[in-house]
Amino acid sequence: MNQIQNITEPQPYLTLLPENEDVFAPDSAFLAKHLLPLVSIDLSAVNPEWRGKIHLVNPIEPHDCYIGSYTEEFHNEFAAENWFLLQLDENNHYQWLGNREYFYLENPDCDKYLKKQSQEMYADYKLLKQHFIETGKIINQLHINDADISPCIFIERLGGEASRSNWHTPINRYFHVTHINIDIDEEITIHDFSGLKYNFIASVAGWNYCIHGPDTILMFYQPETKRVLFTFDWT
């Protein structure tokens, strides 16, 4: 599909603020402690040959660095600094593939400031969902009293290729990151070391929804393995 940019109106192929049980598999329900569901996307909207749903999520971590920066001993082929993989199962639910302790909040020495941020984000997310139920609108709580606010951008980019920014490092230590020059714009594709391509699905700023979040959440999909790659830009 051609890339769609700056979606601000509900679409039939989007489910806004889905419930945790519609996103995370029962055996990976702990992910709700670390990832806030923002939008579910029908994969057929990106590629008519694909079926099922994929879910854009906002991570609670980090506080002052990359996600995974303080848990290097728990990195593996499924999760490392500033990226992780999720498995999409037959029910369109996410299963965790890495070590649970990859998330700093799972560790006893977790930073007190991150714990505070986690509490703030959960409270903010709860208010966001309640406001959506009551009004059908998604508005960041920082702007809830601003009558002139522009509509929230649900998704900044859907389909096409990902744009170049700071996110392509440190993930390039674990994936082949290829730069493509198209006219004056530069786009990027990602393949794993076996040659499988991770197709760009969508991106959005985490703080469009929550009081904390990455400048850009990027989500990629590998259709043969049904694995979903997340990485993050902190400009």
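FYI, side chains are in, hydrogens and waters are out, and symmetry mates aren't considered; it's all heavy atoms of this structure. Please read these numbers as outputs of a predicted model, since none were measured by experiment.
- A salt bridge is absent between E224 and K197: the closest approach of a Lys/Arg side-chain nitrogen to an acidic carboxylate oxygen does not fall below 4.0 angstrom.
- For the pairing with W167, the ring-ring contact (aromatic ring centres under 6.0 Å, His included) check across F175, F232, F220, W83 returns one residue only, F220.
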### Message
Working note: L36 + C210, criterion side chain to side chain contact (heavy atoms under 4.5 Å, CB included); need CA distance, chi angles, decisive distance, verdict.
### Response
CA-CA 9 Å; L36 302 176; C210 303; 3.9 Å; yes

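- Within a 6.0 Å sphere centred on CD of E9, other residues, nucleotides and ligands contribute 12 heavy atoms or fewer.
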### Message
For N172 and T169: C-alpha separation, side-chain torsions, deciding distance, then whether side chain to side chain contact (heavy atoms under 4.5 Å, CB included) applies.
### Response
CA-CA 5 Å; N172 59 358; T169 56; 3.2 Å; yes

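- Put simply, the side chain of D111 gets close to the backbone of Y113: a donor and an acceptor are under 3.5 Å apart.
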### Query
Going through the checks in order, is the salt bridge (Lys or Arg N to Asp or Glu O under 4.0 Å) test met by E61 and K33?
CA-CA 10 Å; E61 301 177 31; K33 178 181 177 181; over 6 Å; no

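- Under a cutoff of 6.0 Å and an axis angle of 45°, R157 and F200 do not form a cation-pi pair.
- Across all non-hydrogen atoms, the minimal contact from F30 to E106 is CD1-OE2, 3.7 Å.
- Two residues are said to be in side-chain contact when any heavy atoms from C-beta on lie closer than 4.5 Å; V228 and Y198 fail this criterion.
- Legend: residues meeting salt bridge (Lys or Arg N to Asp or Glu O under 4.0 Å) with K115, ordered by chain and number and at least two apart, are absent.
- For the atom pair CH2 of W207 and CG of D215, the computed distance is 6.5 Å after rounding to the nearest 0.5 Å.
- Counting non-hydrogen atoms of neighbouring residues, nucleotides and ligands closer than 6.0 angstrom, the CG atom of N2 reaches no more than 12 such neighbours.
- For F193, the CZ atom sits in a packed shell: over 12 heavy atoms of surrounding residues, nucleotides or ligands are nearer than 6.0 Å.
- Inter-residue side-chain proximity for N199 and N47 is flagged as unmet; no heavy-atom pair is nearer than 4.5 Å.
- Residues K129 and Y125 have side chains in contact (heavy-atom distance under 4.5 Å, counting atoms from C-beta outward).
- Between F103 and H34, the ring-plane angle classifies as parallel under the 30° and 60° cut-offs.
- Within the 4.5 Å cutoff, the side chain of I138 has heavy atoms near those of the L128 side chain.
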